[in-house]
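For the numbers below, each heavy atom of this structure counts, side chains included, while hydrogens, waters and symmetry mates do not. Convention: sequence-line order gives letters A, B, ...; per-chain numbering from 1. None of the values given here were measured: they were computed from a predicted structure.
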Protein chains: 4
Amino acid sequence: MSVGDTEKTTAAPSERGRLDKRRAIVEAALRVFARVGYAQASLDMIAAEAGVAKPTIYNHLGSKENLFRHVMTETAARANGKTLEVLDSFPNEVDRLRPGLEEVAHKLVACYCDEQSQAVRRLLYAEAVRFPDLFDEVRASGPDQFIEALAGRLARLANAGHLRIEDPVRAANQFIALVYEELPTLSTFGSRPLDPKEADKVAVAGVDTFLRAFGE
Amino acid sequence: MSVGDTEKTTAAPSERGRLDKRRAIVEAALRVFARVGYAQASLDMIAAEAGVAKPTIYNHLGSKENLFRHVMTETAARANGKTLEVLDSFPNEVDRLRPGLEEVAHKLVACYCDEQSQAVRRLLYAEAVRFPDLFDEVRASGPDQFIEALAGRLARLANAGHLRIEDPVRAANQFIALVYEELPTLSTFGSRPLDPKEADKVAVAGVDTFLRAFGE
Amino acid sequence: MSVGDTEKTTAAPSERGRLDKRRAIVEAALRVFARVGYAQASLDMIAAEAGVAKPTIYNHLGSKENLFRHVMTETAARANGKTLEVLDSFPNEVDRLRPGLEEVAHKLVACYCDEQSQAVRRLLYAEAVRFPDLFDEVRASGPDQFIEALAGRLARLANAGHLRIEDPVRAANQFIALVYEELPTLSTFGSRPLDPKEADKVAVAGVDTFLRAFGE
Amino acid sequence: MSVGDTEKTTAAPSERGRLDKRRAIVEAALRVFARVGYAQASLDMIAAEAGVAKPTIYNHLGSKENLFRHVMTETAARANGKTLEVLDSFPNEVDRLRPGLEEVAHKLVACYCDEQSQAVRRLLYAEAVRFPDLFDEVRASGPDQFIEALAGRLARLANAGHLRIEDPVRAANQFIALVYEELPTLSTFGSRPLDPKEADKVAVAGVDTFLRAFGE
DNA sequence: GATGAATGAGTCTTCATTCAT
DNA sequence: GATGAATGAAGACTCATTCAT
């Protein structure tokens, strides 16, 4: 057992309890916000769902608005991280081009359809008027970076002569537009969960069209 | 008795005034909802913006929820109608294929960026949790029909041998996915108005990619 | 019966009811504020005491702070008016000097001990930290004017050779200081109502001392 | 090593720290109460100003109400003590009558205008409804005793034939009424600090009038 | 003994909705 | 039919107070 472990274990009870409580609050808040939206979510609901008293939320997070911001940025960071990891599967060898892109597309769709991911996206859209800066922040730290990374990968393939791409950033945007296709419209609000089967077929078709346009 | 009077008098002064009042309410409501969202829009604001008393809104529209539904469906119907008209520009002759599709793309982007259109879309997304049925209704009467119509046009071109398309509905979806590209993500909430210039370039690029994939 | 009267009488019911309700609120608020102080007075108490619903208070007066301001200024104006009227009894003839001053003193004490007058004064003192401007306003429109008027009367008597006064404003201040004597200290807070009998004796003694100092 | 030192040292640094902490709390509380009033003063503010944790206040003083009582009585005792000392300057010899009284008046005004003195007085007035007994207690142990003592001094002068006074207690009250004049009204709430210069002139004039009435 | 954390009660305020005019 | 006035319900937030450490 390391010293670090010891510290955590010994000094734990209060500290551990505090962090647990904070986490419980944030998680409960995400669930409630996702279920009924920002305006309809009362702190009473959240407190009940988290199993804490209302003032405890204020002690930890300060205000309803602040709570929302924390929930959004934390969850978005997690989701964005996962999405970025998808690029690890990006194909480097030409003979794996189509199956590699399909795998990427498949994983992207999976990330997109992930429950928490959908929830943040929906809430971000829904409250964009109230929290425009929050939207910008999440967008900058997530999708924008992803597009950049994806464009880089595509450019490398293009340079190697495996794809005919002039504008990699545009191509990257079109790639995800084709892969997600109508997911943005369908799922944004997540009233109904998406059918991953169907979404996968759409994604494969998107890759197909992408390769028809830029392949070889 | 003047002509102006005649108009008013026949349909009855009250009737005319009544309809005017109703229209004023609905228009004011759209502006207010678009500005601050459903939950934040108080009937006081709307009544003030419309220049009527609060109970008058109830007399005409019954309830806040009902008012919202009316505003959404009426505005959406108008916007969807305009979008559908765009297909009148769809190219029938093969030699106008690219410029024709570009014209369609251009007009679609214009429709998409129209202020009222953006407002309804944003509100529909934002309140999709609260009004899932409303979302479905508007979607069924708008985008779904548009995709069907567009698919039909594409199928005709494919049958004539001008495009290589197997699944016209999918192609239609991909066409608008490519044309709008990141518009859905960018504009959904309309915090910032879109730059039509930039959007147009994206749309032309979308048409290009579409034709690279399905052309000839 | 004049036209104005007619209008009032006919159009009355609603208007009458509205004003009645406003008056009821203000009066109830004065009672509650006087009883428990500004901070402890909840709008629930006031609403209950006035026999109206809480929002009605907001419709009429806007906010707790505003309500307090109105209650204070209105009540103070009434009280100040009565105090000013006391000077009508001020003696003009020299042979009524002492009894005249005693009458003035007597009436001043009565005004001072008036329940509402005490209530405003106490509240004004108690909340002077929170509402310094309110205190200044009431003071300027009341006591300051009264001192000026009293100084004028004294100056006239001095000019006529009936009093030996160099600085009439100072003498005026000293007159009321002697008449009220420890009333300010005793009553400010009105925990116990003052004994008018006792206060009257003090006032007469004050007049006596005043005449010993400035008389003849 | 002195006995005093021994006591402190033996009783332990903790004891010393404890008393320091208590004193820090009471002083901080006075500042906060003076600044924002009883109801607005939160224990959080006081704890922060004292540099201690909130429960520590409860350990030492029990409750907010109790804390207020302690602060008031302790501070009032100090202020009252100083005021009582003023009488040491009271003139015994007839040839120092006027300058002696003026000196007393001057010192009284100084005591009255002392920052802490004003703060207690203001708070006592402001919270007289909530703490009537506290007001009585302070009054009995302060002003009442002072008046008694002053009356005694005046009686002695009267008996010696230097002043024509029938009712010494009344005269004492009138003396301070004339000396303070409108100080009670002006300063009670201490929004603005009093101008000692001006107050001094008023006091001298008060002594003058007092002597005009009772002198010789 | 001192503290960080948690809480139950209570406050002001807003809003959708309904009468009486 | 249109309106001014009134209301019941509900929500965000604060605070004095108490445990467990």
Between E/dA6 (C1') and A/Lys21 (NZ): distance, integer Å: 7 Å

Pair assignment for DNA chain F - dot-bracket with | for other-strand partners, Watson-Crick or G-U under 3.5 Å: .||||||||||||||||||||

Spacing of B/Phe131 atom CZ and B/Glu65 atom CD [to the nearest 0.5 Å]: 4.5 Å

Whole angstrom value for the distance that separates C1' of F/dG4 from CG of B/Leu43: 16 Å

Atom pair CD/CZ of D/Gln116 and D/Arg121 - distance to nearest 0.5 Å: 12.0 Å

Stacked cation flag B/Lys64 on B/Tyr58, 6.0 angstrom / 45 deg: no

Geometric class of the C/Phe33/C/Tyr38 ring pair [parallel <30°, tilted 30-60°, perpendicular >60°]: parallel

Contact summary for C/Ile25 and C/Ile57, nearest pair of heavy atoms: CD1-CA, 4.0 Å

Euclidean distance, atom NZ of residue A/Lys64 to atom P of F/dC13 [Å, nearest integer]: 8 Å

Whole angstrom value for the distance that separates C1' of E/dG1 from CG of D/Leu61: 15 Å

Neighbours of DNA chain E within residues 27-42 of chain C, by heavy-atom distance under 4.0 Å: C/Ala41, C/Ser42

Rounded interatomic separation in angstrom, taking CE from D/Met45 and P from F/dT14: 11 Å

Donor-acceptor pair present, D/Lys54 side chain and E/dT3 base, under 3.5 Å: no

Salt bridge (charged side-chain N to carboxylate O under 4.0 Å, His left out) between C/Glu27 and C/Lys21, worked out: CA-CA 10 Å; C/Glu27 286 175 359; C/Lys21 214 142 237 176; over 6 Å; no

E/dG1 phosphate, OP1 or OP2, under 4.0 Å from D/His60 side-chain N/O: no

Check: D/Thr73 side chain, D/Arg69 main-chain N or O, donor-acceptor pair, under 3.5 Å: yes

Residue closer to the 5' end of DNA chain E, D/Gly51 versus C/Gly62 (nearest nucleotide): D/Gly51

Phosphate OP1/OP2 of E/dA5: any A/Thr56 side-chain N/O under 4.0 Å: no

For atom OH of B/Tyr58 and atom P of E/dA16, their distance in whole Å: 6 Å

Contact nearer the 5' end of DNA chain E, comparing B/Asp44 with C/Glu65: C/Glu65

